[in-house]
Amino acid sequence: MISSTEPEKGALLESTTEAGSVPDLTSRPSAATLPSPPSISTTSRPSPIAPTLFDVAHSNTRKDTFKKHVLEHHAPLSWRHLLQRPVVRQWVVDDVLVREKEVREASGFELFLDLVMVAVVSQFAETAGNEDSSWSLFKFGIFFWLAWSVWQDARQYVNVSGNHDVLQRCYIFVLACLLIGFSVNASAVQVNCDFDESEESTYDEGYGEPFLLPGGCWMDPGWLRSARGALAFFLVARLLRIGLLVLYGFWLPRFGKAHLIRAVSMTVGSCMWVILSGVNAPKAFLIVPIAATGIEVAAQYLSTPLLRLTYRASRSRGWKGTSSLLPALNLEHSLERSYLFLILVIGEMVSSSKYEGILNHAGLKPIFWRAVLAIFIAFSLLWLYQEQSASRTFSHAMRRHWFTSTTWQLLHFPLSAALILAAVSVSSFVKYGEAAQKRQWYFGGAMSAIFTSLFLLGILHKPLDRPRSALIPRPFRLLLRLAFAVLSALLPLINNISSVTTLGATSLALLILLVLEMVGQIGSVIDDVKARRAVMVDREEQSDEEKEIGGTKELLARALRVERMDGFEEVENELHPSEMGGYASGIDKSLGELTAMRIALSQRSAYVF
């Protein structure tokens, strides 16, 4: 601001009288007694309000002023609250992770989508229970992968860009409808292997001919129409997700490259499914799905390195040009969502353990003990999943490296699929006491896949315990999971093995694993050096220009091409409480940490237990 050229009132006179004398206020001061006029500044300007980091990242301008991207939550409700602009909740720039200050919990609508996915899982499980063949497993794996992909895309979208507005809730509702339509059409593709020549054919010629499969099995007429219907629902859901990525890429220029690369990789993975929907050759439905699934998995592994190469290429040209930001996952929110969904999937096994009570079932009958064993298996699997790292202190796979992060997320697909197949077999074991040999193979193969998945999940985490501090070494406890995976796969080879023996042997294996995990970690203590290195900034990977920049605020300002900005708090990188053993068995880090607040007199009774 330009300073005023007029002297302030009361500043015209200098005190020339001695102390105690009264100055003559009526006399005109001489020029010698007048103070020098203040200097006029030609460069000073009113200091503009610094923009927030959130507004700078979501802007598409380099001007000194940035528009407010979203309205404050305490502002009067308006259309901009109901229909908000696209946002990215957390992102990475250079070696700085910008994330939310408060821990975000799963919303009710996210849990609603999980329940819809569980309904889809239940329908797949019911269909798989009626079809005991290797071809039914093939069909189950392909259709479950498609449903899983849709659910995973929606989960990542809400994690990165969820804003709880009307459009997001409508998106979740549309996805729920598409998933239900997909599951209905997928379940209509029936696989049969029991052929009775004495019975007359009941095929409806209007639905075409059945598809004969190797091994004496076939798919009922109308399978092509049902398969195409399921693919149509899947492709519409995938198209919605690709459209959102493209929209965010153009609406948010700083995140444009990342969103467009994700859209391209998702489009490439969807091309094979588009081709399959227009193919009439039955054999193509046995080959193309495998190739399409492999392409989608490869695309998930290649998209992140491609993003890193693009980002480094932009940085190699110096600090000029539009800054590029990389959207990031909220790890705590993602881990919580994975854990909650796994609980719902394990709930299928608990639901399969129930039986209809009759007079003959009163008291502690054998059917009750079979149900107890089945519930113990479900309970132990959930417990073992929580102890998947086999370490008291560790660096989670989701934060360790992009490869471990992608692998950790993908491993939940075979784990969930195996839990569903195990639940299908448990239902027969509990209700009938005896099960066909095919069900034994179902259950043995499913438990083998579960133990293998838990082994792989464990080795993806980086242990941070002091070497040889645990009572039982971590590698031994992890290898024991792999050993039980082999034994579970071989268990159905025993002739005339009963369902009680199968449930009992599986329960014993899980009990051994749990006891060894609890007792084996006694004495384990954190290795401070490893823990510091796990969260330490790697200065060797920084460029010389980045090393010259001071702190986090200066680096962000330089990367985003602004002089200064507010709206964020600089914190140190540290391990999550779950990585520090804060929620391990027998440990509750929240105990003893208290707060105190004053409450209204009328609220006292409301809090009293």
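Just so we're clear, the structure is a prediction, and the values are computed from it rather than from any experiment.
In the model, W383 has no side-chain atom that pairs as donor or acceptor with a side-chain atom of E517 under 3.5 Å. Side chain to side chain, S524 and Q521 fail the donor-acceptor criterion of an N or O pair below 3.5 Å. No side-chain donor from either of Q300 and Q409 sits under 3.5 Å from a side-chain acceptor of the other. Using a 3.5 Å distance cut-off with no hydrogens or angles, the side chains of S338 and Y385 do not pair a donor with an acceptor.
The environment of CH2 in W369 is sparse: at most 12 heavy-atom neighbours from other residues, nucleotides or ligands sit within 6.0 Å. Under a cut-off of 6.0 angstrom, the local environment of CZ in F379 is sparse, with at most 12 non-hydrogen atoms contributed by other residues, nucleotides or ligands.
To the nearest 0.5 Å, the span separating OG1 on T406 from OH on Y301 amounts to 6.5 Å. Here the CD1 atom belonging to I494 is positioned 8.0 Å from the OG1 atom belonging to T502, to the nearest 0.5 angstrom. Atoms CD and CH2, on Q388 and W408 in that order, are 6.0 Å from each other to the nearest 0.5 Å. Between the CD1 atom in I180 and the CG atom in N185 there is a gap of 11.5 Å [rounded to 0.5 Å]. One distance of note links CD1 of I377 with OG1 of T506; it measures 5.0 Å at 0.5 Å rounding. Remark: S416 OG to I346 CD1 distance equals 9.0 Å, nearest 0.5 Å.
No donor-acceptor distance shorter than 3.5 angstrom exists from the side chain of R481 to the backbone of F451, with no hydrogens or angles considered. No side-chain donor-acceptor contact under 3.5 Å links S265 to the backbone of A299.
Side-chain contact between D153 and M266: present, with at least one pair of heavy atoms (C-beta onward) separated by less than 4.5 Å. No side-chain heavy atom of L503 sits under 4.5 Å from any side-chain heavy atom of F376. In this structure the side chain of L411 reaches within 4.5 angstrom of the side chain of L460, judged on heavy atoms. In this structure the side chain of R155 never reaches within 4.5 angstrom of the side chain of M117, judged on heavy atoms. Side chains of L457 and H412 form a contact here, defined as non-hydrogen atoms less than 4.5 Å apart. Using a 4.5 Å heavy-atom threshold, the side chains of L276 and L231 count as touching. A 4.5 Å side-chain heavy-atom check between S136 and Y442 finds at least one atom pair inside the cut-off. Taking the side chain as every heavy atom from C-beta outward, Y339 and L382 approach each other to under 4.5 Å.
The stretch residues 443-458 participates, sequence neighbours left out, in no side-chain hydrogen bond (donor to acceptor under 3.5 Å, both in side chains) pair at all. For the salt bridge (charged side-chain N to carboxylate O under 4.0 Å, His left out) condition, the pairs that include at least one residue of residues 399-427, sequence neighbours left out, are R399-E579.
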Let me have the donor-acceptor pairs involving side chains of residues 484-493, under 3.5 Å, with sequence neighbours excluded, atom names and distances please.
| unit_1 | atom_1 | unit_2 | atom_2 | d |
| --- | --- | --- | --- | --- |
| S488 | OG | F484 | O | 2.8 |

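Residues V279 and A284 come closest through the heavy atom pair CG1-CB, 3.5 Å. Heavy atoms only, all atoms of each residue included: V430 and I367 are closest at O-CG1, 3.3 Å. Across every non-hydrogen atom of A378 and V350, the tightest pair is CB-CG2, 3.9 Å. Considering every non-hydrogen atom in both N159 and S334, the closest pair reads ND2-N, 3.5 Å. The nearest pair of heavy atoms linking M349 to A422 is CE-CB, 3.7 Å. Contact record, A291 with M272: CB-CE, 4.2 Å, taken as the closest heavy-atom pair.
Remark: L344 engages D114, L115, V118 in a side-chain contact (heavy atoms from CB on, under 4.5 Å) (not counting sequence neighbours). Shown here are the side chain to side chain donor-acceptor pair (under 3.5 Å) partners of S428, two or more places apart in sequence or in another chain: R439. Legend: residues meeting side-chain contact (heavy atoms from CB on, under 4.5 Å) with A176, ordered by chain and number and at least two apart, are F112, V116.
Checked options L342, L513, L419; the residue passing with L381 is L419 (criterion: side-chain contact (heavy atoms from CB on, under 4.5 Å)).
Between F234 and F182, the angle of the ring planes lies from 30° to 60°, which puts this pair in the tilted group. Ring geometry for H396 against F394 counts as tilted: the plane angle lies between 30° and 60°, on a 0 to 90° scale.
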### Pair V288-I275, side chain to side chain contact (heavy atoms under 4.5 Å, CB included): steps then yes or no
CA-CA 9 Å; V288 176; I275 296 174; 5.7 Å; no
### Query
When you look at L335 and E332, which way does the side chain to side chain contact (heavy atoms under 4.5 Å, CB included) test go after all the steps?
CA-CA 5 Å; L335 296 179; E332 291 79 7; 5.9 Å; no
### Task
Please assess F233 against V184 for the test side chain to side chain contact (heavy atoms under 4.5 Å, CB included), listing each intermediate value before the final yes or no.
CA-CA 10 Å; F233 280 103; V184 170; over 6 Å; no
### Task
Evaluate side chain to side chain contact (heavy atoms under 4.5 Å, CB included) for L329 paired with V160, printing each intermediate quantity in order.
CA-CA 6 Å; L329 288 173; V160 175; 3.7 Å; yes
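Using a 4.0 Å cut-off between charged nitrogen and carboxylate oxygen, E296 and R238 count as a salt-bridge pair.
Between F144 and F413, a ring centre-to-centre spacing shorter than 6.0 Å is recorded.
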